[in-house]
Colleague: 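Pasting a structure here, questions to come.
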Amino acid sequence: IVGNVVLPEPEEKGVPIGYPMVGFKVDYGRRVFFKPSPHILVVGKSGVGKSVLLANLCYVLRKLGYDILVLDWHGEFYSLKYVLDAKWYLVGYNYGINVLQYLDISELIMAMTMTKEEVYVSSMVREQLISAYSECVKKYGYCTVELLYRELSQMMSRVSGRPDIVSGIDAARRRLEDLLGPEFNEDKFELDFRGVTILDLSILSDYAKSVFVNLMLLLLYLYYIRRGRRLAVVVDEAGNVSKGRGARHTSILARVADQGRKYSLLLIIADQQPQSLEESVTGNVSHIFILNPTTESHKWCSELVGYYTKWSRERIDFELENLRVGECFLVSKPGGVVKVRLLKRFELADASEVRARVEKLKMWHRMYVLKRRDELRGEAPVAQKKIKIDKALVFTVAEKHKVKAHRLEAILVSLVKRGIDLEKLEEMAKKGDNFLASLGLIRFRKGRVELKRLGKAVLEYFRLSSSTSST
């Protein structure tokens with residue numbers, strides 16, 4: 001029971017998602033059932049309930065046995081951590097992919113260019129990236145984005161007399177600067193998504209978000225193995241990774257939409273401007289939820305509803321313009337269209353609360369990327385941080401506090417790498433710092449700070465006091 005709504009066991013005809021409407025009247029005596037099939041598109045302007053609908057679709061799909069991966073652009077889906085017992089990761093902090101270990105340089109370049117920012121990689125820039133990549137593999141036997149950036153900096157000093165090549169190398173470095181964070185250089189990830197997994201992208205720059213989403217979709221496209229399970233992937237702000245109509249190259253999102261059915265991948269795509277998405281994306285969806293649309297997308301939505309209803313243009317315009325929050329048209333191909341008052345099973349956290357929760361980490365991440373950029377521009381090799389963790393002590397402490405040893409170790413490594421001194425850590429725990437709350441070490445209850453079992457384990461490992469004070 002969530003929000004006083006009882007979701008029945010899945011039926012042959014689907015799961016109830018709302019009540020049918022005629023005009024402004026809701027027929028509470030009947031229900032609209034929804035049986036998902038690849039793929040789903042959610043359309044609507046900001047503030048009309050797109051994110052709430054996406055969250056409730058996750059709830060429905062989970063009840064139907066789907067595993068779910070949410071690529072959370074703004075950090076709006078944190079509430080699912082409690083409602084659906086979701087695993088929550090903050091990309092760039094405790095989740096990352098050493099992309100060049102699993103993909104080659106051409107695939108990284110493709111992910112960099114398939115973005116809304118329209119990053120252009122000329123033949124000269126591409127040549128310098130490939131050359132630097134080859135040099136890294138020759139020297140070290142492998143490559144990372146950081147090593148690639150450093151090699152480009154060293155190449156620049158060797159060809160100072162060639163302005164054209166220097167210009168190409170400098171452009172290549174600029175393309176990589178936002179990708180120097182741990183999210184593209186450290187392996188802290190898995191593709192075996194069981195249950196509900198949220199990848200929160202909110203501390204990354206918009207460009208880094210787009211590249212990360214492209215890379216994740218590409219990894220799923222290349223490596224995901226279903227093993228009898230079905231995976232639903234929620235892609236919010238899809239226009240950021242779709243090249244748009246008339247583009248010369250097909251985006252990674254379009255490839256997954258076209259071929260994902262073979263691998264039991266179901267996409268749930270959301271965007272304010274569906275008319276700007278590639279036809280290979282919109283043409284492969286089976287269900288379209290149309291909430292109150294933007295002015296730019298109104299014509300596209302109107303034509304779609306009109307195709308199934310044969311209503312006059314005036315009536316369709318009136319219906320779309322007067323959709324209230326929680327109301328939509330559900331178009332199911334090839335069946336038809338129905339106006340629905342959606343069930344609301346739970347609310348998402350307020351956007352300002354979400355923003356406050358990660359604001360410090362966002363600033364830390366930006367400073368980290370700038371620091372790494374400055375370090376890697378030098379010719380001297382960059383010293384790698386050596387992290388020493390007493391695994392025997394980790395196991396003992398984890399067993400005592402009944403937490404998972406690998407999770408405790410990951411938190412300890414992260415704290416050590418970020419140079420948090422022990423006095424500051426103890427003070428943060430006592431005062432109830434939001435940073436520690438985001439790691440799941442503390443919680444707030446009845447005006448007081450409470451250490452969770454994981455928090456007690458961390459403090460005991462560092463031999464710190466586990467007492468907390470009221471807020």
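Since this is a predicted model, take the numbers as computed values, not measurements.
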Colleague: Check whether Tyr19 forms a cation-pi arrangement with Arg341 (NZ or CZ under 6.0 Å from the six-membered ring centre, at most 45° off the ring normal).
Modeller: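 No, a cation-pi geometry is absent between Arg341 and Tyr19.
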
Colleague: Would you say Glu296 and Gln272 make side-chain contact, with heavy atoms under 4.5 Å?
Modeller: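 Answer no - side chains too far apart.
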
Colleague: Using a 6.0 Å cut-off, check whether atom CZ of Arg407 has over 12 heavy atoms from anything other than its own residue.
Modeller: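 No, CZ of Arg407 has 12 or fewer neighbouring heavy atoms, counting only those of other groups under 6.0 Å.
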
Colleague: If you define the side chain from C-beta out and look only at heavy atoms, does anything of Thr144 sit under 4.5 Å from Leu100?
Modeller: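 No, every pair of side-chain atoms sits at 4.5 Å or beyond.
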
Colleague: Go through it in stages, so that I can follow the logic: the residues are Ser264 and Arg229, the test is side chain to side chain donor-acceptor pair (under 3.5 Å), and I'd like the CA-CA distance, side-chain angles, deciding distance and then a yes or no.
Modeller: CA-CA 7 Å; Ser264 294; Arg229 302 184 68 86; over 6 Å; no

Colleague: Nearest 0.5 Å, please: how far is CG in Leu291 from CZ in Phe329?
Modeller: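 Output value for this atom pair is 11.0 Å.
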
Colleague: Nearest 0.5 Å, please: how far is NE2 in His401 from CZ in Arg453?
Modeller: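 Interatomic distance, Arg453 CZ to His401 NE2, rounded to 0.5 Å: 10.5 Å.
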
Colleague: Side chains of Tyr207 and Leu179, heavy atoms from C-beta outward: is any pair under 4.5 Å?
Modeller: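 Yes; the side chains approach each other to less than 4.5 Å.
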
Colleague: Could you tell me the separation between the OG atom of Ser297 and the CG atom of Leu304, rounded to the nearest 0.5 Å?
Modeller: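 Nearest 0.5 Å value for the OG-CG distance: 11.5 Å.
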
Colleague: Are Val196 and Asp85 side-chain neighbours, meaning at least one heavy-atom pair lies under 4.5 Å?
Modeller: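 Counting from C-beta outward, Val196 and Asp85 never come under 4.5 Å.
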
Colleague: Rounded to the nearest 0.5 Å, how far does CD1 of Ile97 lie from CZ of Phe189?
Modeller: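 Rounded to the nearest 0.5 Å, the CZ-CD1 separation comes to 5.5 Å.
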
Colleague: Specify whether Tyr82 and Tyr78 have parallel, tilted or perpendicular ring planes, treating 30° as the upper limit for parallel and 60° as the lower limit for perpendicular.
Modeller: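 Answer is perpendicular, since the angle exceeds 60°.
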
Colleague: Please list, one pair per line, the donor and acceptor atoms closer than 3.5 Å that link side chains of residues 105-112 to other protein atoms, with sequence neighbours excluded.
Modeller:
residue: Ser106; atom: OG; partner: Asp104; partner atom: OD1; Å: 2.6
residue: Glu107; atom: OE1; partner: Asp104; partner atom: N; Å: 3.0

Colleague: Begin with the C-alpha distance, continue with both residues' side-chain angles, and end with the deciding distance and a verdict on side-chain contact (heavy atoms from CB on, under 4.5 Å) for Arg373 and Tyr149.
Modeller: CA-CA 8 Å; Arg373 181 199 66 185; Tyr149 188 88; 3.2 Å; yes

Colleague: Could you measure the distance from the NZ atom of Lys262 to the OH atom of Tyr221? Nearest 0.5 Å is fine.
Modeller: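 Answer for the NZ-OH pair, Lys262 versus Tyr221, is 7.0 Å.
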
Colleague: Could you tell me if Lys339 sits above the aromatic ring of Phe24, with its cationic atom closer than 6.0 Å to the ring centre and no more than 45 degrees from the axis?
Modeller: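 Yes, Lys339 lies over the aromatic ring of Phe24.
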
Colleague: Is Arg255 salt-bridged to Asp258, cutoff N-O under 4.0 Å?
Modeller: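 Salt bridge between Arg255 and Asp258, a charged N being under 4.0 Å from a carboxylate O: no.
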
Colleague: Kindly compute the distance separating CG (Leu201) from CG (Leu71), expressed to the nearest 0.5 Å.
Modeller: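 Result: 6.5 Å between the selected atoms.
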
Colleague: Is the shortest heavy-atom distance from the side chain of Leu176 to the side chain of Leu129 under 4.5 Å?
Modeller: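 Touching, per the 4.5 Å side-chain cut-off.
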
Colleague: Please test Val15 against Phe34 for side-chain contact (heavy atoms from CB on, under 4.5 Å), starting from the C-alpha separation and ending with a verdict.
Modeller: CA-CA 5 Å; Val15 174; Phe34 177 63; 5.6 Å; no

Colleague: Any heavy-atom pair between the side chains of Val337 and Ile290 that's under 4.5 Å?
Modeller: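 No. Closest side-chain heavy atoms not under 4.5 Å.
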
Colleague: Report, one line per pair, each donor and acceptor closer than 3.5 Å where one atom sits in a side chain of residues 43-57; sequence neighbours left out.
Modeller:
residue: Lys50; atom: NZ; partner: Gly44; partner atom: O; Å: 3.0
residue: Ser51; atom: OG; partner: Glu76; partner atom: OE1; Å: 3.0
residue: Ser51; atom: OG; partner: Glu76; partner atom: OE2; Å: 3.3
residue: Asn56; atom: OD1; partner: Arg345; partner atom: N; Å: 2.9
residue: Asn56; atom: ND2; partner: Val52; partner atom: O; Å: 2.7

Colleague: Can a cation-pi geometry be assigned to Lys63 and Tyr66, taking NZ or CZ under 6.0 Å from the six-membered ring centre and within 45° of the ring axis?
Modeller: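 No, Lys63 does not sit over the ring of Tyr66.
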
Colleague: With no hydrogens and no angle check, is any side-chain donor or acceptor of Asn98 less than 3.5 Å from a backbone partner on Asp187?
Modeller: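 The answer is no, because no donor-acceptor pair under 3.5 Å joins these two groups.
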
Colleague: Around atom NZ of Lys333, are there more than 12 heavy atoms of other residues, nucleotides or ligands at under 6.0 Å?
Modeller: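 Yes, NZ of Lys333 has more than 12 neighbouring heavy atoms, counting only those of other groups under 6.0 Å.
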
Colleague: Is there side-chain contact between Arg62 and Asp67, with heavy atoms separated by less than 4.5 Å?
Modeller: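 They are in contact (side-chain heavy atoms under 4.5 Å apart), so the answer is yes.
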
Colleague: side-chain contact (heavy atoms from CB on, under 4.5 Å) for Lys362 and Ser202? Distances and angles first, verdict last.
Modeller: CA-CA 8 Å; Lys362 190 171 185 178; Ser202 56; over 6 Å; no

Colleague: State, with a plain yes or no, whether a side-chain heavy atom of Leu412 is found less than 4.5 Å away from one of Val458.
Modeller: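 When only atoms from C-beta onward are counted, Val458 and Leu412 do touch, with a gap below 4.5 Å.
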
Colleague: Identify the heavy atoms of Ile269 and Val281 that sit nearest to each other, and give their distance.
Modeller: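 The answer is CD1-CG1, 3.6 Å.
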
